[in-house]
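Please find one structure pasted underneath; my questions will follow.
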Amino acid sequence: MAGSTVRASLREFGVLHLAGFPLDNDVYGDFARWFGQPEPVFPAEHRVPGYSQMRLQTNIRGLGADAGGQYWHADGSFLKIPTSVTLLLCEEAPADEGETLFADMRRAYELLPDPVRESVTELRGNYPCRQIADRDMQRAVAMKTASLSEEERRRKLDQMSDVIRPLVTEDTVTHRGALHVNQHWLRSIQGKSQTESAETLGLLYNTATAGKLLTPTGAPAGSTCACT
């Protein structure tokens, strides 16, 4: 299957499940680069050995990343250039439960009441990334899910900055709008009080996570690549 076909299919459907993909990290890395430049994994101890841009996600404590992302989010919301594609290579999955769920944010945007959809298009969200990252890293060290030195923590914070971005993004090819939100990193809406922000964001999350908009897959007990 040509890269252009895969990219076009992803743009149309939002989520692709490729059965029978080879469990080969080199092939996986080459495939990820069809979509852009893979992002380096932080912290380094969560990387697949020998592959700095692949995260090992597992439920085995002490091996790779055994937690994180357990909330509704668009990947890379804290980056200056948000993540465009996330790839999961499942090596092993439990017989039941533990599914990864995907929400169709394009359909969620379309299902908003007309007045809300019209107003939210003009809104921008505040992401206090440095404050949240600092707290998360300190918590990870305290819980022993990561071992970061003070120097590593400070270096990571120096690479980050707070961002403000629209709550709705538009595909450059289809011009179809989609919600872009993150329950952990997005803390308020520019120009709104905390109460108003919480009410608006609550409506967006509730709309996006309605059962009919969710697509389950097998749990990604394997490697993750994110591309910009």
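Values in this document were obtained by computation on a predicted structure and should not be read as measured data.
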**OP:** Kindly write out the residues that satisfy salt bridge (Lys or Arg N to Asp or Glu O under 4.0 Å) with R165, not counting sequence neighbours, or none if the list is empty.
**Re:**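 In terms of salt bridge (Lys or Arg N to Asp or Glu O under 4.0 Å), with neighbours along the sequence ignored, R165 is linked to no residue.
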
Q.
Taking the side chain as everything from C-beta on, heavy atoms only, tell me whether E110 gets closer than 4.5 Å to R107.
A.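 Yes, at least one pair of side-chain atoms sits under 4.5 Å.
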
Legend entry - Of all pairs that satisfy ring pair (Phe, Tyr, Trp, His ring centres under 6.0 Å), the ones with a partner from residues 166-201, not counting sequence neighbours: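 Those involving residues 166-201 are Y71-H184, F78-W185.
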
- Message: For the CD atom of E91 and the CD atom of Q57, what is their distance to the nearest 0.5 Å?
- Response: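 E91 atom CD to Q57 atom CD measures 12.0 Å (nearest 0.5 Å).
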
| task | Taking all non-hydrogen atoms of both residues into account, name the closest pair between E45 and S147 and its distance. | result |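 For E45 and S147, the tightest heavy-atom pair comes out as OE2-N, 2.7 Å.
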
R130, Q138, Q131 screened by side chain to side chain donor-acceptor pair (under 3.5 Å) with D134, the one that passes:
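The side chain to side chain donor-acceptor pair (under 3.5 Å) with D134 is passed solely by Q138 among R130, Q138, Q131.
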
message = Could you report the tightest heavy-atom contact between S77 and V163, atom names first, then the distance?
response =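 So the two residues come closest at O-CG2, 3.9 Å.
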
Least distance between heavy atoms, P128 atom then N126 atom =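 Answer, listing the atom of P128 first, then N126: CD-O, 3.4 Å.
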
Between L101 and W72, is any pair of side-chain heavy atoms under 4.5 Å apart?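 Yes, close enough: below the 4.5 Å cut-off.
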
Residue list, side-chain hydrogen bond (donor to acceptor under 3.5 Å, both in side chains) with S193, at least two apart or on another chain: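 Per chain and number, S193 pairs via side-chain hydrogen bond (donor to acceptor under 3.5 Å, both in side chains) with E196.
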
**Asked** Roughly how far apart are D104 CG and F13 CZ, rounded to 0.5 Å?
**Response**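 Separation between the atoms: 11.5 Å.
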
Q) What is the distance from atom OH of Y109 to atom CG of L204, rounded to the nearest 0.5 Å? A)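 If I round to the nearest 0.5 Å, the distance is 11.0 Å.
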
| Side chain proximity check, E152 to P43, heavy atoms < 4.5 angstrom |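 With C-beta onward as the side chain, the pair stays apart.
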
Worksheet item: With sequence neighbours excluded, what pairs up with Q183 under the side-chain hydrogen bond (donor to acceptor under 3.5 Å, both in side chains) test?
Response: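 Scan of Q183 (side-chain hydrogen bond (donor to acceptor under 3.5 Å, both in side chains), adjacent residues dropped) gives none.
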
Using side-chain hydrogen bond (donor to acceptor under 3.5 Å, both in side chains) as the criterion, list what pairs up with R155, not counting sequence neighbours.
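Only E151 meet the side-chain hydrogen bond (donor to acceptor under 3.5 Å, both in side chains) criterion with R155.
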
For residues Y205 and V181, report the shortest heavy-atom separation together with the two atoms involved.
->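 Smallest interatomic distance, heavy atoms only, reads CE2-CG2, 3.4 Å.
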
Output all residues satisfying ring pair (Phe, Tyr, Trp, His ring centres under 6.0 Å) with F31, sequence neighbours left out; order by chain, then residue number.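 F31 satisfies ring pair (Phe, Tyr, Trp, His ring centres under 6.0 Å) with F21, W34, F35 once adjacent residues are dropped.
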
For E12, give me all partners under salt bridge (Lys or Arg N to Asp or Glu O under 4.0 Å), at least two apart in sequence or on another chain.
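E12 satisfies salt bridge (Lys or Arg N to Asp or Glu O under 4.0 Å) with no other residue.
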
Pairwise distance CG(L179) to OG1(T121) - rounded to 0.5 angstrom: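 These two atoms lie 9.0 Å from each other.
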
| request: Can you measure from OG1 (T58) to NE2 (H46) and round to the nearest 0.5 angstrom? | output: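 Answer for the OG1-NE2 pair, T58 versus H46, is 11.0 Å.
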
### Derivation and outcome, side-chain contact (heavy atoms from CB on, under 4.5 Å), residues L203 and N206
CA-CA 5 Å; L203 173 60; N206 289 339; 5.5 Å; no

If we ignore hydrogens and angles and just use 3.5 Å, is the side chain of R47 paired with the main-chain N or O of V41 as donor and acceptor?
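Looks like yes, one N/O pair under 3.5 Å.
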
* Partners meeting side-chain contact (heavy atoms from CB on, under 4.5 Å) with P115 (sequence neighbours left out) ->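 With sequence neighbours excluded, P115 shows a side-chain contact (heavy atoms from CB on, under 4.5 Å) to P113, given in chain and number order.
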
- Query: Got a sec, which pairs hit salt bridge (charged side-chain N to carboxylate O under 4.0 Å, His left out) with one end in residues 180-195, sequence neighbours left out?
  - Reply: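 Checked against salt bridge (charged side-chain N to carboxylate O under 4.0 Å, His left out) - neighbours excluded - no pair reaches residues 180-195.
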
Using modelled atom types only, decide if a donor and an acceptor are shared between the side chain of S197 and the backbone of I189 within a distance under 3.5 Å.
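A pair under 3.5 Å: yes.
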
Worksheet item: Of all residues at least two apart in sequence or in a different chain, which pass the salt bridge (Lys or Arg N to Asp or Glu O under 4.0 Å) check with R7?
Response: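 Salt bridge (Lys or Arg N to Asp or Glu O under 4.0 Å) list for R7, sorted by chain: empty.
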
Original post:
Taking the hydrophobic residues Ile, Leu, Val, Met, Phe, Trp and Tyr, and joining any pair whose side-chain heavy atoms are under 4.5 Å apart, which ones share a cluster with M137?
Top reply: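 Under the 4.5 Å side-chain rule, M137 groups with F42, V141, L148, L157.
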
Scan N25, L23, D24, D30 and name whichever one has a side-chain contact (heavy atoms from CB on, under 4.5 Å) with V27.
->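 The side-chain contact (heavy atoms from CB on, under 4.5 Å) with V27 is passed solely by D24 among N25, L23, D24, D30.
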
Roughly how far, to the nearest 0.5 Å, is CD of E39 from OG of S84?
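The OG atom of S84 sits 8.0 Å away from the CD atom of E39.
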
- Task: Please report the closest heavy-atom contact between G14 and R106, naming both atoms and the distance.
- Result: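 Taking every non-hydrogen atom into account, N-NH2, 3.6 Å.
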
Discussion item. If I compare all heavy atoms of R117 with all of L112, which pair ends up nearest, and what's the gap?
Written reply: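 Scanning both residues, the minimum pair turns out to be NH1-O, 2.7 Å.
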
**OP:** Taking the side chain as every heavy atom from C-beta outward, state whether D75 and H73 have any atom pair closer than 4.5 Å.
**Re:**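 D75 reaches H73 side chain to side chain.
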
Point to revise | Partners meeting salt bridge (Lys or Arg N to Asp or Glu O under 4.0 Å) with D162 (sequence neighbours left out) | key: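 Counting only residues at least two positions away or on another chain, D162 forms no salt bridge (Lys or Arg N to Asp or Glu O under 4.0 Å).
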
Mind checking whether R11 and R176 have side chains closer than 4.5 Å, heavy atoms only?
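Not touching, per the 4.5 Å side-chain cut-off.
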
